[in-house]
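Comments concern the structure below.
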Amino acid sequence: MSINKLLEDNPSFHSWDSGEIANFGVSDKVVKYIYSKLKSGFSTIETGSGKSTFAFLTAGCNHIAISPNELEEERIRKYCQENNIESKFKFICGSSTEELPHLINEINHFDLIFIDGAHRYPFAEIDYHYTEKKLRVGGYLVLDDVHLPSVRNLFLFLKKEKNWELETIIDHTAFFIKIAEEVIIDDWQNQGINKNFKKFESLKHYIKLTIKRFLRIQ
Ligand SMILES: C[S@@+](CC[C@H](N)C(=O)[O-])C[C@H]1O[C@@H](n2cnc3c(N)ncnc32)[C@H](O)[C@@H]1O
């Protein structure tokens, strides 16, 4: 089955807390862009599941989806059965924050990570923390809904990091490439978000010293 057929069908895999069926899927453009970055045999993971899961299935990735809603797995596998799609992926039913700390030890590497699970703070950051160390250099970190205040901090942090390159943003979904492993120097000192703070602190120190010296001379 082609990605286009899935996007035309636009099936609903999610539910509101009331149980009513819903479709929280990313846009067609995002599904297609993720798909364009995948190769058969890639090791991939997404927090959350749904329409995006089909980009990975269609591309033939070794894919893991984590979501606490078992009905999503049921609906995805049913849609696969009805459309002759091989539903060869691992669905982990649980919260990413509980599952990732254990799962990650079994993982050799990821080629692409898609963070689109719980959007309340600090879930995206926890998902990032556990997965990014296993992302190979050259791999993609895809972060959805970067306009949300609860996700935006992570987006702004990554934009300032030397080892991440923002390739593009499509419909609030950011595509970062890991261009190098993180180099940690003295804990927080090398992180881009702290750069201006360091400069400002040095300037403050210099001004204080100058004022003190000036006052002593008077
Ligand atoms: C915006 S939807 C994902 C949409 C999906 N990427 C798509 O294109 O259809 C958010 C997903 O996060 C899942 N979710 C909610 N809380 C979660 C948690 N604590 N851990 C992992 N996934 C969670 C929801 O069940 C849902 O699948």
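Just so it is clear, the values below take in all heavy atoms, side chains as well, and ignore hydrogens, waters and symmetry mates. Just so you know, ligand 1 is whichever comes first in the structure, and atom 1 is the first atom listed for that ligand. Numbering starts at 1 and runs along the sequence shown. Everything quoted here is computed from the prediction, not taken from an experiment.
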Self-check item: ligand 1 to Phe114 polar contact by distance, N or O atoms, under 3.5 Å
Solution: no
Quiz item: For atom 1 (C) of ligand 1, which protein heavy atom lies nearest, and how many Å away is it?
Solution: Phe24 O, 3.4 Å
Practice problem: Considering only non-hydrogen protein atoms, determine which one is nearest to atom 10 (C) of ligand 1 and report residue, atom name and distance to 0.1 Å. | Solution: Asp116 O, 3.3 Å
Practice problem: Give the residue, atom name and distance (to 0.1 Å) of the protein heavy atom nearest atom 14 (N) of ligand 1. | Solution: Pro68 CD, 3.6 Å
Quiz item: Testing Lys39, Lys134, Lys37, Arg136 for salt bridge (Lys or Arg N to Asp or Glu O under 4.0 Å) with Asp111, which one passes?
Solution: Arg136
Quiz item: Does Ser96 reach ligand 1 with a nitrogen or oxygen that is under 3.5 Å from one of the ligand's nitrogen or oxygen atoms?
Solution: yes
Quiz item: Is there a path of hydrophobic side-chain contacts, each under 4.5 Å between heavy atoms of I, L, V, M, F, W or Y residues, that connects Phe89 with Phe42?
Solution: yes
Exercise. Indicate the ring-plane relationship of Phe54 and Phe13, choosing parallel, tilted or perpendicular according to the 30° and 60° boundaries.
Key: parallel
Quiz item: Does the N or O separation between Thr47 and ligand 1 drop below 3.5 Å for any pair?
Solution: no
Practice problem: Please check if any side-chain donor atom of Thr173 sits under 3.5 Å from a side-chain acceptor atom of Asp144, or the reverse. | Solution: yes
Quiz item: Is any N or O atom of Ser49, backbone or side chain, closer than 3.5 Å to an N or O atom of ligand 1?
Solution: yes
Self-check item: salt_bridge(Lys51, Asp28) N-O dist < 4.0 Å
Solution: yes
Quiz item: Any idea which protein heavy atom is nearest atom 25 (O) of ligand 1, and the distance to it?
Solution: Glu72 OE2, 2.6 Å
Quiz item: Identify the closest protein heavy atom to atom 16 (N) of ligand 1: which residue and atom is it, and at what distance?
Solution: Ala118 CB, 3.5 Å
Self-check item: Atoms of ligand 1 close to Ile66 [distance to a heavy atom under 4.0 angstrom, numbered from 1]
Solution: 21 (C), 22 (N)
Quiz prompt | For atom 19 (N) of ligand 1, the protein heavy atom that lies nearest, with its residue and separation | solution = Ser95 OG, 2.9 Å
Quiz item: Under a 4.0 Å heavy-atom limit, does Phe13 contact ligand 1 with its side chain, its backbone, both, or neither?
Solution: neither
Practice problem: State, with a plain yes or no, whether a side-chain heavy atom of Leu141 is found less than 4.5 Å away from one of Leu135. | Solution: yes
Quiz prompt | Ring centroid separation Phe24 to Trp16 under 6.0 Å | solution = yes
Quiz prompt | Qualifying residue, where the test is side-chain hydrogen bond (donor to acceptor under 3.5 Å, both in side chains) with Ser67 and the options are Glu73, His14, Glu46, Glu72 | solution = Glu72
Quiz prompt | Distance filter under 4.0 Å to Phe123 heavy atoms, resulting ligand 1 atoms | solution = 19 (N)
Quiz item: Lys51 heavy atoms, cut-off 4.0 Å: which ligand 1 atoms fall inside?
Solution: 7 (C), 8 (O), 9 (O)
Quiz item: Judging by distance only, is a nitrogen or oxygen of Thr97 under 3.5 angstrom from one on ligand 1?
Solution: no
Quiz item: When you look at NZ of Lys159, are more than 12 heavy atoms from neighbouring residues, nucleotides or ligands closer to it than 6.0 Å?
Solution: no
Quiz item: Do the charged groups of Glu74 and Lys78 touch, with an N to O distance under 4.0 Å?
Solution: no
Quiz item: So which of Gly48, Ser52, Gly50 gets nearest to atom 13 (C) of ligand 1, if we judge by its closest heavy atom?
Solution: Gly48
Quiz item: Taking atom types as modelled and ignoring hydrogens, do the side chains of Asp127 and Thr47 form a donor-acceptor contact shorter than 3.5 angstrom?
Solution: yes
Practice problem: Any atoms of ligand 1 less than 4.0 Å from a non-hydrogen atom of Gly25? List them with their elements. | Solution: 7 (C), 8 (O), 9 (O)
Quiz prompt | Closest protein heavy atom to atom 8 (O) of ligand 1, given as residue, atom name and distance to 0.1 Å | solution = Val26 N, 3.0 Å
